[in-house]
There are 2 protein chains.
Amino acid sequence: MWYKHYMNETKTTVSKSQVTSRRLYEISMAHFLEKGFDQTTMRDLAAAAELSLGAFYYHFPNKEAVIQRFYQQSFDSFKYACDSVFAETENIEKRLLGVIEARLKTFEGSREILIVLSRSAVDPRSPLSPFGGDQKEIREKTVSIMREMIESSDLKCEKGLRTYLPELFWMYMMGMILFWVFDESNNQKKTRDFIQQLTPQIVRLIRYTRIPLSGTVLGPLKKTLEMLIGPR
Amino acid sequence: MWYKHYMNETKTTVSKSQVTSRRLYEISMAHFLEKGFDQTTMRDLAAAAELSLGAFYYHFPNKEAVIQRFYQQSFDSFKYACDSVFAETENIEKRLLGVIEARLKTFEGSREILIVLSRSAVDPRSPLSPFGGDQKEIREKTVSIMREMIESSDLKCEKGLRTYLPELFWMYMMGMILFWVFDESNNQKKTRDFIQQLTPQIVRLIRYTRIPLSGTVLGPLKKTLEMLIGPR
DNA sequence: GCCATTTTTTGAACATGTTTAAAATTTACT
DNA sequence: AGTAAATTTTAAACATGTTCAAAAAATGGC
């Protein structure tokens with residue numbers, strides 16, 4: 001073994017490959033953040049790591065794979081942040097705000113990276129599409145987080161609608177991320193303000209659905225949701 | 001002059017460059033549609049046109065410029081189609097359905113091209129971003145079409161909301177296009193059905209805003225719209 | 001510690017979008 | 001028609017993401 005070290009009382013072996021790929025990842029991200037993704041050359045990265053170009057490709061199948069790893073890691077810290085949001089309050093509005101805020105925070109300072117990710121995500125054939133490929137898994141996990149957020153919350157609403165909420169909230173968050181990507185204001189303040197403004201209104205509308213009268217609107221809406229998300 | 005020809009009683013001179021670039025455009029699109037954008041090489045195109053690679057670049061600054069031209073032309077035929085939709089009915093629901101249907105029709109058979117366009121459109125730095133660059137103009141023209149659609153229609157709704165509708169309908173249409181891009185069903189039937197289902201509900205909600213009672217929801221919504229679209 | 005096997009690295013080559021300087025062609029004017 | 005200026009075309013080079021076969025290094029069992 002190349003490298004052994006002790007972590008939490010358990011011997012953990014780390015292969016040389018893991019060490020190198022982490023190093024490559026860190027060097028790469030540093031370059032991407034400083035010079036931009038497109039402006040950073042694979043040759044730059046290999047040189048900075050004092051490795052050959054081919055060796056880089058041994059560790060990452062392509063340039064995008066590096067930022068896919070970033071996306072994966074950002075998801076992990078997002079998930080972790082959600083736990084503490086849920087521990088803090090049962091109020092659905094606060095939770096939803098907290099979750100979206102947590103998500104944006106994981107992207108903070110990496111807006112250009114997210115743009116690169118988005119442009120692949122929009123391609124249904126790409127492995128970064130939220131519906132196929134590697135991102136599918138993250139989407140499903142995110143929907144599960146939304147489900148968890150709702151189930152243990154104070155939200156009361158029409159039963160049928162409730163089953164669609166996890167996917168709807170996922171879409172809402174994706175929309176806000178898109179808004180954020182396009183938001184050129186200082187530190188994307190516009191996005192933050194917008195979310196603060198819109199989220200309570202959405203929650204309020206959802207709560208209204210308990211009133212029987214709302215059936216007029218809700219009836220046809222359910223069919224629409226089924227077409228959008230799939231049958232329940 | 002390389003080429004003169006008569007059109008509508010007026011002498012129109014067509015430069016050699018115009019003739020060549022149209023030819024290149026047509027050859028290119030044929031290849032893109034048959035083999036796919038990424039699978040078609042600039043060398044393929046130059047060879048098919050019996051021109052050198054460099055000559056191709058004299059007529060188009062880059063590969064994407066070819067499909068930008070397609071996008072421009074698709075917009076022109078969309079705009080034309082809208083006129084006949086408006087001539088046909090004043091009913092806002094029918095108009096909105098007709099306009100969106102017309103838009104999708106201009107993309108029919110070119111889904112892959114639209115995917116390529118979308119992945120650039122999602123990048124705020126790209127000339128294809130709807131907010132900057134060349135597409136900005138098309139976005140503004142499309143919003144104007146929506147405005148025209150509303151103004152001469154039978155739609156009655158709360159006055160303040162009305163001023164935001166052109167942009168809102170534009171966003172709605174963009175959303176449906178995105179849905180269409182991801183829709184893998186036969187001939188994107190799911191998208192068509194979804195639009196048929198959702199559009200009348202949206203129109204109905206908008207019409208409800210004439211009822212004074214609706215102020216409870218509409219009040220905060222207006223501020224949200226202002227943040228989304230800008231002040232009126 | 002030595003050898004067979006596996007993992008990692010290397011350097012060169014390849015594919016394709018793009019640029020460029022010079023040559024060929026076309027145009028506009030007399 | 002002849003010529004200077006412009007437009008268009010060419011061939012070669014360049015930049016950069018990616019692949020590949022062979023070499024080097026590391027590993028595991030004896």
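- Across all strands shown, B:Leu51 has heavy atoms under 4.0 Å from sugar-phosphate atoms exclusively, and none from any base.
- Base contact: A:Ser52 has a heavy atom under 4.0 Å from a base atom.
- Note on A:Ser21: nothing from the nucleic acid sits closer than 4.0 angstrom, heavy atoms only.
- Atom C1' of nucleotide D:dT8 and atom CD of B:Glu50 are separated by 17 Å, given to the nearest angstrom.
- The shortest distance between the side-chain N/O atoms of A:His59 and the OP1/OP2 oxygens of C:dT9 is below 4.0 Å.
- Note: CE (B:Met42) to P (C:dT18) measures 6 Å, nearest angstrom.
- Of the two residues contacting DNA chain C, namely A:Leu53 and A:Phe56, the nearest-nucleotide position lying further toward the 5' end is that of A:Phe56.
- Rounding to whole angstrom units, CZ of residue A:Arg43 and C1' of D:dT16 are separated by 5 Å.
- Taking atom CZ of residue A:Phe60 and atom C1' of nucleotide D:dT19, one finds them 18 Å apart after rounding to whole Å.
- Dashed line: the shortest gap from a side-chain N or O of B:Thr20 to OP1 or OP2 of D:dT8 is not under 4.0 Å.
- One finds a salt bridge joining B:Glu184 and B:Arg111 here, because a Lys/Arg side-chain nitrogen approaches an Asp/Glu carboxylate oxygen to under 4.0 Å.
- Look at A:Lys141 and A:Glu137 and you find a salt bridge, because one of the NZ, NE, NH1 or NH2 atoms lies within 4.0 Å of a carboxylate O, short of that distance.
- Classification of A:Glu101 and A:Lys94 as a salt-bridged pair fails, no side-chain N sitting under 4.0 Å from a carboxylate O.
- In this structure, the OH atom of B:Tyr58 is 16 Å from the P atom of C:dT20, given to the nearest Å.
- Atom CD of B:Glu64 is separated from atom P of C:dT16 by 18 Å (rounded to the nearest Å).
- Enclosure of atom CG in A:Asn187 is not indicated, since only 12 or fewer non-hydrogen atoms of other residues, nucleotides or ligands lie within 6.0 angstrom.
- Considering CE of B:Met176 and CG of B:Leu104, their distance stands at 9.5 Å, rounded to 0.5 Å.
- With rounding to whole Å, B:Asp38 atom CG is found 13 Å from D:dG17 atom C1'.
- Distance, B:Leu45 CG to C:dA15 P: 17 Å, rounded to whole Å.
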